[in-house]
There are 2 protein chains.
Amino acid sequence: MTSPRTAGTAPRTALTRARVLESAVALADRDGLGALTMRSLARELGIEAMSLYHHVANKEDLLDGVVDVVAAEIQEAVGELEPLADDAPPSAWKPAMRRQILTARSVLLRHPWATTVLESRTSFSLHIVRYYDSLLGLMRHGGLSYDLVHHAMHALGSRALGFSQELFEPDGAAAGSAAGGAAQEGADDAATAMLTQMADEVPHMVEMLAEISHEEPGSTLGWCDDQTEFEFGLDILLDGLDRLAEREKR
Amino acid sequence: MTSPRTAGTAPRTALTRARVLESAVALADRDGLGALTMRSLARELGIEAMSLYHHVANKEDLLDGVVDVVAAEIQEAVGELEPLADDAPPSAWKPAMRRQILTARSVLLRHPWATTVLESRTSFSLHIVRYYDSLLGLMRHGGLSYDLVHHAMHALGSRALGFSQELFEPDGAAAGSAAGGAAQEGADDAATAMLTQMADEVPHMVEMLAEISHEEPGSTLGWCDDQTEFEFGLDILLDGLDRLAEREKR
DNA sequence: GTCGTAAGACTTACGTCGTAAGTCTCCATC
DNA sequence: GATGGAGACTTACGACGTAAGTCTTACGAC
């Protein structure tokens, strides 16, 4: 019992804020955001709920923390991209920004619950701010005025971080891409059926559904490819910003 | 006691689903979404919490209901706009759509909590679908293919309904416009101070803040005019879609 | 070795939430 | 006037976050 704690057997001080946050992320990844409660997290770590309060101030602080972990992951992924050379042509800002945003998106796709938490934060994570700063840097490289850059960040909104809120995503995970086939199909079918039933009330909707769905085989499944749609919207915004930048220069 | 119920004194059957939902909206408007609980809503109506379950299946259903109320309000407001004449030029689709979206937005600004609920819904309200259908109609008038229309709806995302999620809105209500001056200013100042402190880590951010803030007097207050920013982003998207529509025609 | 100390765990308890299950009470109908 | 059912009330349960207090353990100073 009085053995030196330097050996295995899980010393008491093994629990740190970092490990708590890591566990929280893992738990949310595995069981969803709803499953992330103080009690379940404690169970995960083999301790009591109240012990968590030695490492996080409260649940809000815990959520701030997990956002920070994800943000750090984003920053790391973005850091691995090759940076824009100082002597790259100004026009290089756009593809560079596109790449960086899609990289951030790839991280968020690994943590579908994170967008929800992100949206609910009122304070910002240092990592996120740094990420934003790098976006600003790219736009400045492109010669955009700070005024335009500011508007740009608002226009992009959550797209700057790699997600866009899809309204009425029928049941699937917030920003999940590939997974969730069968269940998704069922929900899509139900929705399609409902809309078809009131064809005279929403004629365009029904007609659009008809056209979209037999475009590719497999009927309704794959109505929408999230990744494609995301890039479509992103490109419109980037192109629009580029155009405004050109106009500014003149 | 055995008096005829046909006179005043609040007959028992006065409570209906509609009245429950109306009260819920009023409560959320007044005290925020967090204050909308089954118990508080019941108190508002002068009944017990469990009695609500005669009019709504559960809390989810209640939230579906309040969304529907707001959606109806949107539809009504949009319905008051003068409709696009059949013989209007195709190019009229864009300003018409803009007008319609900004009208929807004006309704949502009256119910700042609604965006949050809207995002959390998994099923759709009939009123919302009808609203969407009218947007589709406008785009079809403009000659856009259903394929492009489909992409357009994804690209617009929540903007189609009149809001965009601003990340890290420092403390203020979700999409609140005018109100909340002093508190907001404090939060802004705190954020500015924090960022300035790490100027070397986020150089562009700090520089941008410096430029933006002394553009208009009143220092940081009014950093961002939500309405202006919303329209800026909306116009980029509409212009981009218009351009794609032109390209399609060729 | 012994012991004081404080970090970090555990225990208990409270108030809130949504809601399952059951009861009572009025009113419309026959 | 009896009856059936709608619509209210009552009670209770198991989550949740967390305030407040207690016990345990490892470690530095003696």
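Computed from heavy atoms alone, side chains included, the values below leave out hydrogens, waters and symmetry copies. Quick note on labels: first sequence line is chain A, next is B, and so on, each numbered from 1.
The stretch residues 34-62 of chain B touches DNA chain C through B:Thr37, B:Met38, B:Arg39, B:Met50, B:Tyr53, B:Asn58, B:Lys59, each having a heavy atom under 4.0 angstrom from the strand.
The pair B:Asp61-B:Arg17 meets the salt-bridge criterion, since a charged nitrogen lies less than 4.0 angstrom from a carboxylate oxygen. Here A:Asp226 does not pair with A:Arg105 in a salt bridge; the nearest charged N to carboxylate O distance is not below 4.0 Å.
Atom-to-atom distance recorded for B:Ser23:OG and B:Arg43:CZ is 13.0 Å, nearest 0.5 angstrom.
Qualifying side chain to side chain contact (heavy atoms under 4.5 Å, CB included) partners for B:His111, counting only residues two or more places apart in sequence or in other chains: B:Val25, B:Asp29, B:Val70, B:Glu73, B:Val107, B:Trp113, B:Ala114.
Side-chain N or O atoms of A:Ser40 include one that pairs as donor or acceptor with a backbone N or O of A:Ala35 at under 3.5 Å. Between the side chain of B:His55 and the main chain of B:Val20, no donor-acceptor pair closer than 3.5 Å is present. Looking only at distances, a side-chain donor or acceptor of B:Ser158 sits under 3.5 Å from a matching main-chain atom of B:Phe163.
Remark: DNA chain D forms stems of 3 or more consecutive Watson-Crick or G-U wobble pairs, all pair distances under 3.5 Å, at C:1-30 with D:1-30.
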